[in-house]
A.B. asks: 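The structure follows.
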There are 2 protein chains.
Amino acid sequence: MPRPATPARTPGRPRAGVDAAVFAATLRTVHEVGYAHATVDRIAAAAGIAKTTVYRRWPTKGALITACLVDAFGPVPLDGADREEILSAAIRWIAAKIGEPGIGAAFAGVFTDAVNDPALRQVLSTQLQDPYRLALQDTLGEPEQRVLFLIDVVVGTLLHRMGMTGEPMVDADVDALVAMVLRH
Amino acid sequence: MPRPATPARTPGRPRAGVDAAVFAATLRTVHEVGYAHATVDRIAAAAGIAKTTVYRRWPTKGALITACLVDAFGPVPLDGADREEILSAAIRWIAAKIGEPGIGAAFAGVFTDAVNDPALRQVLSTQLQDPYRLALQDTLGEPEQRVLFLIDVVVGTLLHRMGMTGEPMVDADVDALVAMVLRH
DNA sequence: CGAGTTATGCTACTTCTAGTATCGATACTT
DNA sequence: AAGTATCGATACTAGAAGTAGCATAACTCG
């Protein structure tokens, strides 16, 4: 007799399925009060759970934000006939994502936190950047160093605009960014 | 009888000339312990003055860091025969500055703080970015929007590299950045 | 149904940091 | 000598990250 698809549950109270609710609450809170005031207390309250429950799942605030971003971004679409189409679509995709409410601010915030926190930097690099880097290396057939440079240019530019103006980059400038990167 | 070159001093104890010492202590502290642990207490101690004296001169930590960066960067060199030479020199100059000990980390740190602090964002934009933007507009004869885009690309890329790796961008990649921007 | 196990909510706590308040001492001008 | 503005030092408030402890809820297994 075949075992059921779901493996035998371990004993004890099961985890509440609140990850999605916490991620949504995180982005909503960051969008409403800004990264600096989006405290774990506030995020937990917005998600309707206790702060301690948040810390039982994510060890630090930075890890929570990173996980939220990984969830929010999802896989990069790598469609297109040639390098131009693929890169153009990928750049417009990340620009649109960073423009979504809360995402850009959360990204910039956790990025800033990471600058002086090697542990968080590693989390961010491993969990958020590496999957996209590897997918791009595979699809474009280009070496790691070159892909890392591309990511620096695209993401750095978009985040700098968010940081200096508080607003996502307008379409016309995203077009210019695409053109600049493609002609490289 | 002509008045002396120095205008009549106001009564009261004159301010101690410690700005330079505070700036040096700021960069040194950020370099040694990182932006996150470079507290105002620590910076003041490193400069040999009281924390309260720091707050009498700069209203917030962000303002202190910004003033320190303005002092550290100084005016952008805009030498060169044509647009290529001017831009190339300017990009290499800012890349070298961001690579100096403490400067890149301080820049990234205050930049990150600014993302969700509109007041600091204004200070950063007005005191740090605008002088360079205006000088570039004058020298290059290009509109504000285009120069802002250039700054986003160059500074954003350099800071993203600092933030993700903790290290300044290597020369080979700075060369690639110059080439990419110039061909635009 | 009862025992064992694990997750949750809640409250309280520690630690750290930005920024403020106060006050006596100091350095200058008139 | 009187007046004024700054400095150093101490103490303080407020806010946020992260932790500890405990009662309670939800589930599995016998």
Side-chain angles (χ1 to χ4, degrees), chain A residues 3-4 6-22 25-26 29-30 33-68 106 109-110 112-114 116-117 119-120 123, chain B residues 3-4 6-22 25-26 29-30 33-68 106 109-110 112-114 116-117 119-120 123:
Chain A
R3 293 217 319 250
T6 53
R9 273 257 208 63
T10 55
R13 177 174 178 168
R15 285 203 153 189
V18 292
D19 284 22
V22 174
T26 300
T29 305
V30 169
V33 304
Y35 185 83
H37 296 117
T39 66
V40 177
D41 257 326
R42 238 192 267 252
I43 292 171
I49 64 173
K51 181 175 74 159
T52 44
T53 300
V54 173
Y55 277 104
R56 284 187 187 105
R57 300 181 181 218
W58 300 278
T60 64
K61 181 182 173 181
L64 164 63
I65 304 281
T66 305
C68 179
V110 74
T112 306
D113 284 353
N116 296 291
D117 182 341
L120 177 55
V123 169
Chain B
R3 295 212 322 244
T6 52
R9 275 257 205 66
T10 54
R13 176 174 180 168
R15 287 202 151 188
V18 293
D19 283 22
V22 174
T26 301
T29 306
V30 169
V33 304
Y35 184 84
H37 296 117
T39 66
V40 176
D41 258 326
R42 239 192 265 252
I43 292 171
I49 65 173
K51 180 176 76 161
T52 45
T53 300
V54 172
Y55 277 105
R56 284 186 188 106
R57 302 183 180 216
W58 300 278
T60 64
K61 181 182 174 183
L64 164 63
I65 305 279
T66 304
C68 179
V110 74
T112 308
D113 284 353
N116 297 291
D117 182 340
L120 177 56
V123 169

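This structure is a prediction, so every number in the text was calculated from the model and none was measured. So you know, we letter chains A, B, ... as the sequences are listed, proteins then strands, and number each from 1.
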A.B. asks: Of all heavy-atom pairs between A:Ala38 and A:Val30, which one has the smallest distance, and what is that distance?
C.D. replies: CB-CG2, 3.8 Å

A.B. asks: Let's see if you can work this out: which of D:dA17, C:dG19, C:dG9 has an atom nearest to the side-chain heavy atoms of B:Lys61?
C.D. replies: C:dG19

A.B. asks: Rounded to whole Å, how long is the line connecting atom OH of A:Tyr55 with atom C1' of C:dT8?
C.D. replies: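 About 17 Å, once rounded to whole Å.
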
A.B. asks: Reckon B:Thr52 touches a base, only the sugar-phosphate, or nothing at all at heavy-atom distances under 4.0 Å?
C.D. replies: base

A.B. asks: I need the CH2-C1' distance between B:Trp58 and C:dT20, as an integer number of Å.
C.D. replies: 18 Å

A.B. asks: Could you report the tightest heavy-atom contact between B:Ala21 and B:Ala47, atom names first, then the distance?
C.D. replies: O-CB, 4.0 Å

A.B. asks: Between B:Gly12 and B:Lys51, name the one whose nearest nucleotide on DNA chain C is closer to the 5' end.
C.D. replies: B:Lys51

A.B. asks: Tell me: CZ of B:Arg42 to P of C:dG19, nearest whole Å?
C.D. replies: 17 Å

A.B. asks: Please give, in whole Å, the distance from C:dT20 P to B:Arg57 CZ?
C.D. replies: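 After rounding, the reported distance stands at 17 Å.
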
A.B. asks: Quick check: closest heavy atoms across A:Ile65 and A:Ala106, and the distance to 0.1 Å?
C.D. replies: CG2-O, 3.8 Å

A.B. asks: Separation of A:Leu64 atom CG from D:dG18 atom P, in whole Å?
C.D. replies: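 Rounding to the nearest Å, CG of A:Leu64 and P of D:dG18 are 10 Å apart.
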
A.B. asks: 5'-most contact on DNA chain D: A:Thr60 or B:Arg15, nearest heavy atom basis?
C.D. replies: B:Arg15

A.B. asks: What is the distance, rounded to the nearest whole Å, between atom OH of B:Tyr35 and atom P of C:dT17?
C.D. replies: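 So the OH-P distance, B:Tyr35 to C:dT17, works out to 13 Å.
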
A.B. asks: Could you tell me how far apart A:Arg56 (CZ) and C:dG9 (C1') are, to the nearest whole angstrom?
C.D. replies: 8 Å

A.B. asks: To the nearest Å, give me how far apart CZ (A:Arg13) and P (C:dG9) are.
C.D. replies: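 It works out to 7 Å between those atoms.
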
A.B. asks: Compare every heavy atom of A:Ile43 with every heavy atom of A:Ala25, then report the nearest pair and how far apart it is.
C.D. replies: CB-O, 3.8 Å

A.B. asks: Between A:Val40 and B:Thr53, who's closer to the 5' end of DNA chain D by nearest nucleotide?
C.D. replies: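 Counting from the 5' end, the first nearest nucleotide belongs to B:Thr53.
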
